[in-house]
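Atoms considered below: every heavy atom in the structure, side chains included; atoms not considered: hydrogens, waters and symmetry mates.
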Amino acid sequence: AVEVGSYSQLLAAGGAFAALMKEAQAEDAEGLDSGSDTASEPEQAEVPAPTQPAAAAASTSSQPPAAAAGAKLTQHESSATGRVSAAVVWAYLSALGGVPALLLLLAGFVGTELLRVGATVWLSVWTGQDQAAPQAHSSLFYMGVYAAISGAQLLVLQANYLCVAGYGIKAGRVMHEQLLHSLLGAPMSFFHTTPTGRIINRLTKDTSDIDRNLAGNLAFALRAMLQLASTVVLIAVGAPFSLPALLVMMGVLWALYSYFIASMRQAKRLEAVSRSPVLSNVNEAIHGAATIRAFGITDWLIGRNMALVNNNAATTLLNQSLNRWLSVRLEGMGALCTLLAALVTVEQQSGQAATMGLLLTYALQITAATSMTLRVGSTAEQTFNAVERVQEYCHLPQELSKTDGSENVPQQKAGARSSGSGGGCRGDGGSSGSAASS
């Protein structure tokens, strides 16, 4: 006769199903006693006797299995500490194109900033002309020079944007290929001891940060740094007495940034680490839905998922709180710096009004420039956390060394090659479109 019912009901009925489960548990117990793979087998609760009530069986099956004593198949996910290492930065710059690409981008950044400052200075010269005195050049001349400088700045800026976008896409593609090839060649023991969420996290969120955000954040940080430097230079040239105060102010801001980035960097790493268990839990729920329903642990799994999501959300809240902490202090320091520059400008009455107005305008901009430089710089350094995590899995032990001959690679049958020529992995270590998309 066919037995019908839930898992706990079939155990309580004491039929053939209960006998089969008891026999299977006895075989597992014999295997554990003989010392076979005790480090990776979870400790199972004893199957109740046929006369045990169904409620007791359901209560034992609703609890998650506990790990065997001294057995730990997976370890907690580790993360780097301290500043981003030079090896990680160089790994990204190499994927970006190396030294030639870096020099080309720097030339674009510097050229754009020089043209921006030149246009502003020329506008100051134009507006500083004495209207009552005879003019050496007409207004059309000044307007033409200003338009030429602004047009050249626009062209250099556009070319620089295109270079940043192109090199950023290239770097993302190179690092993704390195990660994918390393994972495809990793031994099976790596996948047995590594939760799927850690791999998915690096192939999705971390790869996306490298592909979409890192190059733009670095370019934005360099532009903001150059704008801040040019602003300070102009203020120092026009009002040299304000230079000591500005240097002291910049030193204080740098100390504030160093104090902030040490905490922000680790908070970003904690956020990335706490995201992997969420992905693993979702993956386990999708693939083990039938087993979860059979054992009646749906509520426990939902509670576990909520706890993991809350843990990840807590790290996100920590990041936002740290950003607000920095914002308040930057605004206060920037306002004080603007006040000092304005006071010195007013005291120097010997200068031309146009020049003093230019200096005061730049002094008002120094708050936004300083705040933007520190914020974007911290964001760029945080984004390097994705490069750290991807590089960790780019150097996994490989089952087959790339130096081995092709005779060591198992060959497919001719029929399999002809029927599935569009899929699978190539023998040279590359991956086809179907393999990469999966």
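In this structure the side chain of Phe260 never reaches within 4.5 angstrom of the side chain of Leu374, judged on heavy atoms. At least one side-chain heavy atom of Arg83 sits under 4.5 Å from a side-chain heavy atom of Ser258. The side-chain heavy atoms of Cys394 and His181, taken from C-beta on, include no pair separated by under 4.5 Å. Taking the side chain as every heavy atom from C-beta outward, Leu203 and Leu183 approach each other to under 4.5 Å.
Between the Thr373 side chain and the Ala224 main chain, a donor and an acceptor come within less than 3.5 Å of each other. Remark: the backbone N or O of Asn283 is paired with a side-chain donor or acceptor of His287 at under 3.5 angstrom. Between the side chain of Gln398 and the backbone N or O of Leu396, at least one donor-acceptor pair lies under 3.5 Å. A donor-acceptor pair under 3.5 Å is formed between the side chain of Trp122 and the backbone N or O of Tyr142. Listed for the Ser280 side chain is no donor-acceptor partner under 3.5 Å among the backbone atoms of Pro195. For Arg329 (side chain) and Trp325 (main-chain N/O), a donor-acceptor pair under 3.5 Å exists by modelled atom type.
For the residue pair Asn201 / Ser276, a side-chain donor-acceptor distance below 3.5 Å is found, with atom types taken as modelled. Glu271 and Asn319 share a donor-acceptor pair across their side chains, judged by distance under 3.5 Å alone. For the residue pair Ser230 and Arg116, a side-chain donor N or O sits within less than 3.5 Å of a side-chain acceptor on the partner. Side-chain N/O atoms of Ser327 and Arg375 include a donor and acceptor closer than 3.5 Å. No hydrogens or angles considered: a donor-acceptor pair under 3.5 Å links the side chains of Asn213 and Asp209. When only modelled atom types and interatomic distance are considered, Asn312 and Arg275 share no side-chain donor-acceptor pair under 3.5 Å.
The two residues Asn385 and Arg269 make their nearest non-hydrogen contact at OD1-CG, 3.1 Å. Nearest heavy atom pair, residue Arg389 against residue Asp206, reads NE-OD2, 2.7 Å.
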*Would Arg304 and Glu284 count as a salt bridge (charged side-chain N to carboxylate O under 4.0 Å, His left out) if you check the C-alpha gap in whole Å, the side-chain angles of each, and the deciding distance to 0.1 Å?*
CA-CA 12 Å; Arg304 179 190 176 192; Glu284 292 168 3; 3.4 Å; yes
*Given the rule in the side-chain contact (heavy atoms from CB on, under 4.5 Å) test, do Tyr259 and Leu326 qualify, once you have shown the distances and angles that lead to the verdict?*
CA-CA 10 Å; Tyr259 183 79; Leu326 179 65; over 6 Å; no
*Could you walk me through whether Glu381 and Lys268 pass the salt bridge (charged side-chain N to carboxylate O under 4.0 Å, His left out) test, one step at a time?*
CA-CA 10 Å; Glu381 188 169 353; Lys268 186 67 174 179; over 6 Å; no
*Verdict with reasoning, Arg173 to Ile169, per side-chain contact (heavy atoms from CB on, under 4.5 Å)*: CA-CA 6 Å; Arg173 182 177 65 251; Ile169 294 174; 4.2 Å; yes
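Both cation-pi conditions hold for Arg223 and Tyr161: the charged atom is under 6.0 angstrom from the six-membered ring centre and inside a 45 degree cone around its axis.
A distance of 11.0 Å separates CD of Gln382 from CD of Gln266, quoted to the nearest 0.5 Å. For the atom pair Lys205 NZ and Thr207 OG1, the distance stands at 11.0 Å (nearest 0.5 Å). The CG atom of Leu301 lies 5.0 Å from the CG atom of Asn281; values are rounded to the nearest 0.5 Å. With rounding to the nearest 0.5 Å, the separation of CG in Leu226 from CZ in Phe109 is 8.5 Å.
With sequence neighbours excluded, the residues that form a ring pair (Phe, Tyr, Trp, His ring centres under 6.0 Å) with Tyr257 are Trp254. By the ring pair (Phe, Tyr, Trp, His ring centres under 6.0 Å) test, Phe190 is found to be paired with Tyr393, residues two or more places apart in sequence or in another chain being considered. By the side chain to side chain contact (heavy atoms under 4.5 Å, CB included) test, Thr291 is found to be paired with Phe295, residues two or more places apart in sequence or in another chain being considered.
For CE of Met372, the number of neighbouring non-hydrogen atoms (other residues, nucleotides, ligands) closer than 6.0 Å is 12 at most.
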